Structures are given as C-alpha cells and as structure tokens.
Amino acid sequence: IYKWHYSGLNRWHGAGSTADFQKIIQERCDTYTQTIRPGSRSRNCQAIRQAFMSAFISKDPCKATNEDYNSLINLAPPTVPCGQQVFWSKTKELAHEYAKRRRLMTLEDTLLGYLADGLRWCGEPGSSDLNVWSCPDWRKDCRTNYLSVFWEVLSERFAESACNTVRVVLNGSLENAFDSMSIFGRVEAPNLRPQVELEAWLGNDTGKTPSDSCSGSSIRKLKSILDGRNVKFRCMDNLSRDQFLQRS
Ligand code: AVW
C-alpha cells in the first residue's frame with residue numbers, strides 16, 4: 001500500500017483532474033463559438049479539444065513546456081480588440097464584473113481562457129487517461145506542471161497582443177496590491193509592448209480599509225517595470241467595490 005501510494009496515481013499533492021474534462025471542454029467550446037461569440041470566425045471545436053488533450057496526455061505531469069501548448073494556442077490565439085483588455089491579480093471576481101459592465105475582455109473572455117477557467121487537468125506517462133486522483137501542486141511538487149504552464153503561456157500571449165489603453169484590477173486591501181511573483185507581475189506586465197498605456201485600479205474589499213495605495217512601494221515597483229519598457233502608467237486608488245464598478 002505504501003509503495004502504491006507513492007508511485008501511483010495518488011502521489012501528487014494537488015487535487016486531481018476535473019471529472020468529464022473532455023466533455024466540458026467540448027461543451028464550453030460549442031457554447032462559446034455558437035452563443036457567446038457567434039461573430040468570431042468559426043473554430044473547429046473538435047480540433048481544439050484534441051489539441052488540448054495531446055498537449056498533456058501520456059506525458060510526465062511535471063515536465064510541461066511552453067511548446068507543449070503551441071499547437072493549441074495557435075488554433076485559438078487569445079487576442080482581443082485594441083484597448084479592451086483587463087488584467088487582474090487577486091481580484092478575479094471584481095475584475096470580471098467590471099469587464100462585463102464595461103464590455104471589456106479578460107483572459108477568461110477569450111476562447112481558451114473560457115474553456116479552461118476553473119478546470120484542472122494532468123496526465124500520466126503510459127496512460128491515455130487524465131489522472132482524476134491527483135495532479136502536481138505548484139509548491140509541493142513542481143512549478144512546471146501543465147496547469148501553471150498553460151496559464152503562463154496563455155497570459156503571455158494575451159499581454160503581448162495588448163494595444164492602446166489596457167487596465168489591471170488590483171486588490172488595495174492587500175499589503176502589496178502588486179505582487180511581482182503573480183502571473184500579472186511575472187508574465188503580463190513584463191510583456192506589454194512599448195507605447196501601451198496601463199491603467200491600474202486598486203479596488204477594496206467591501207468593509208475593509210485600504211492597505212496599499214498608488215504611492216506604496218508595490219505600485220512603485222510595478223511602475224519601474226513599466227518604465228523599463230516604455231509603457232505609460234496611471235493609477236487610481238482608494239475605491240470601494242461599488243465606487244469602482246460605477247466610476248471606472
Ligand atoms: P492571482 P495572477 N482559472 O489571483 O496575477 C483557474 O494571484 O497570478 O493572479 N486558475 C487560473 C485562472 C483561471 N481562469 N487564471 C489564472 N489562474 C491561476 C491571467 C494561475 O495559476 C489573467 F489574465 C494564477 O497564478 C490575469 O491577469 C492563479 O490562478 C492573471 O493571469 C491566480 O492568482 C491572474 O493571475
């Protein structure tokens with residue numbers, strides 16, 4: 001039993017793959033291409049599902065590379081119209097509500113972001129199935145797991161395609177509203193193109209006093225990353241959730 005536990009499907013410290021992963025991907029893809037963005041040029045959902053599966057099935061779940069996702073991302077690059085992008089960090093719900101009201105787009109409003117939102121997946125060498133028992137945890141097992149690498153490459157492509165003015169929703173109720181180790185901090189901000197303008201909005205959790213502001217050290221750090229890339233920067237702080245959703 002001891003040996004099985006550590007060599008078998010249960011050995012990773014993260015939760016296993018989402019049940020019915022393939023079916024959910026296929027259904028979400030049909031919904032997105034037929035109902036949510038029927039105007040977007042028609043995409044082959046079967047090919048997308050197959051490319052998604054072949055990115056990680058039968059592979060060592062700790063040896064994901066950016067290249068593993070190339071063919072999938074090339075089938076549906078996460079690009080959005082100029083000036084419509086919304087990035088987020090520790091503000092997933094607020095940022096999505098904001099984007100919806102303003103008709104702007106987060107990564108989860110692009111096809112691949114929509115397909116994978118909230119799902120988990122990993123495979124196992126020598127098997128053509130997903131491992132539903134456990135998947136590698138970013139901290140305890142490996143950083144190069146298929147889930148983390150997916151969000152990193154997709155986010156990188158999303159950020160590279162930004163143009164004109166784009167926005168990021170940050171959490172002003174945290175000590176460091178800007179986290180240089182987050183995907184936004186590590187992958188998106190450093191990949192914005194010169195001449196893009198980034199507007200940062202620091203929203204506060206309802207009932208919580210602001211802990212960070214535009215003049216704090218974490219935002220100064222963000223500004224220095226952007227200065228190095230010739231990205232213009234503006235910052236708005238001290239907004240409650242409601243003020244934020246109304247005024248922004
Ligand atoms: P975080 P980050 N579904 O709140 O800046 C499931 O610190 O790191 O924000 N997991 C996800 C999803 C999703 N839709 N998106 C990211 N993750 C993972 C992409 C990922 O491992 C967007 F464009 C991430 O580190 C945002 O601007 C963590 O959950 C930016 O990345 C959320 O951590 C948010 O990533």
Side-chain angles (χ1 to χ4, degrees), residues 12-18 21 24-25 28-29 32 36 52 56 61-62 64 66 69 72-73 76-80 84-100 102 104-122 135-163 165-192 196 198-205 211-212 218-219 221-222 225-226 231:
W12 307 114
H13 294 88
S17 307
T18 308
F21 178 82
I24 296 172
I25 292 289
R28 286 187 180 180
C29 187
Y32 187 95
I36 299 180
F52 207 143
F56 68 97
C62 271
N66 292 7
Y69 285 115
L72 174 63
I73 293 182
T79 50
V80 309
Q84 290 193 10
Q85 265 164 332
V86 177
F87 301 101
W88 54 269
S89 201
K90 278 105 191 159
T91 53
K92 191 176 182 196
E93 195 272 336
L94 180 60
H96 285 86
E97 182 63 28
Y98 165 76
K100 200 168 140 194
R102 309 277 305 179
L104 299 172
M105 288 175 74
T106 66
L107 184 57
E108 293 71 35
D109 296 307
T110 68
L111 176 56
L112 291 182
Y114 180 83
L115 294 190
D117 193 10
L119 301 184
R120 299 183 53 83
W121 61 91
C122 67
C135 287
D137 176 77
W138 189 81
R139 251 167 220 271
K140 294 181 183 155
D141 298 307
C142 53
R143 297 187 176 196
T144 51
N145 65 75
Y146 277 91
L147 200 57
S148 302
V149 170
F150 173 84
W151 288 113
E152 285 165 13
V153 280
L154 197 66
S155 302
E156 184 178 330
R157 294 281 291 265
F158 184 60
E160 281 169 358
S161 74
C163 45
T165 301
V166 295
R167 297 153 187 84
V168 63
V169 183
L170 298 174
N171 190 335
S173 298
L174 297 175
E175 212 171 300
N176 293 304
F178 173 68
D179 171 4
S180 55
M181 292 307 289
S182 65
I183 290 195
F184 174 70
R186 275 184 299 129
V187 178
E188 294 177 323
N191 276 297
L192 292 172
V196 166
L198 180 72
E199 271 180 23
W201 292 86
L202 270 61
N204 290 301
D205 295 338
S211 298
D212 201 359
S218 85
I219 297 295
K221 189 166 181 184
L222 170 58
I225 292 174
L226 300 170
V231 171

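Because the structure is a prediction, the values reported are computed rather than measured. Atoms within each ligand, like the ligands themselves, are counted from 1 in listed order.
Closest protein heavy atom to atom 14 (N) of ligand 1: Asp117 OD1, 2.8 Å. Of all protein heavy atoms, the one closest to atom 27 (O) of ligand 1 is Glu188 OE1, 2.6 Å. Looking at atom 19 (C) of ligand 1, its nearest protein heavy atom turns out to be Ser155 OG, 3.3 Å. Of the protein's non-hydrogen atoms, the one nearest atom 10 (N) of ligand 1 is Trp151 NE1, 3.7 Å. In this structure, the protein non-hydrogen atom closest to atom 26 (C) of ligand 1 is Trp88 O, 3.1 Å. If you check which protein heavy atom lies closest to atom 4 (O) of ligand 1, you get Lys90 N, 2.8 Å. Of the protein's non-hydrogen atoms, the one nearest atom 24 (C) of ligand 1 is Ile183 CD1, 3.7 Å.
The aromatic rings of Tyr69 and Tyr146 stand perpendicular to each other, their planes meeting at an angle above 60°, with 30° marking the opposite boundary. Classification of the Trp121-Phe21 ring pair by plane angle, with boundaries at 30° and 60°, yields tilted. Aromatic ring pairs are classed by plane angle as parallel below 30°, tilted from 30° to 60° and perpendicular above 60°; the pair Phe158 and Phe87 is perpendicular.
Contacts between Glu108 and ligand 1, counted as non-hydrogen atom pairs separated by less than 4.0 Å, involve the side chain only. Under 4.0 angstrom from ligand 1, the non-hydrogen atoms of Phe184 come from both its backbone and its side chain. With a 4.0 Å cut-off on non-hydrogen atoms, Ser182 touches ligand 1 through its backbone as well as its side chain.
Between Val86 and Tyr98, the shortest heavy-atom contact is CG2-CE2, 4.0 Å. Looking at every heavy atom in both residues, Ser161 comes nearest to Val80 through OG-N, 4.4 Å. Nearest approach of Thr110 to Pro78, heavy atoms of both residues: OG1-CB, 3.9 Å.
Residues Trp88 and Glu93 have side chains that never bring a donor and an acceptor to within less than 3.5 angstrom of each other. For the residue pair Lys90 / Ser182, no side-chain donor-acceptor distance below 3.5 Å is found, with atom types taken as modelled. For the residue pair Asn171 / Thr91, no side-chain donor-acceptor distance below 3.5 Å is found, with atom types taken as modelled.
The CG atom of Asp212 lies 4.0 Å from the OG atom of Ser218; values are rounded to the nearest 0.5 Å.
Between Thr91 and ligand 1, a contact under 3.5 Å exists for no N or O pair. Of the polar atoms of Gly118, at least one N or O is found under 3.5 Å from an N or O of ligand 1, judged by distance alone.
Atom numbering of ligand 1 starts at 1 in the shown order; those under 4.0 Å from a heavy atom of Lys92 are 3 (N), 13 (C), 14 (N). Distances below 4.0 Å separate heavy atoms of Leu107 from the following atoms of ligand 1: 19 (C), 23 (F). Under a 4.0 Å criterion applied to the non-hydrogen atoms of Ser89, ligand 1 contributes the atoms 2 (P), 4 (O), 5 (O), 7 (O), 9 (O).
Within a 4.0 Å radius of atom 33 (O) of ligand 1, the protein contributes no non-hydrogen atoms. The presence of a protein heavy atom under 4.0 Å from atom 2 (P) of ligand 1 is confirmed.
Heavy-atom distances between Ser148 and ligand 1 stay at or above 4.0 Å for every pair.
Annotation: side chain of Leu202 is in contact with side chain of Ile219 (closest heavy-atom distance under 4.5 Å).
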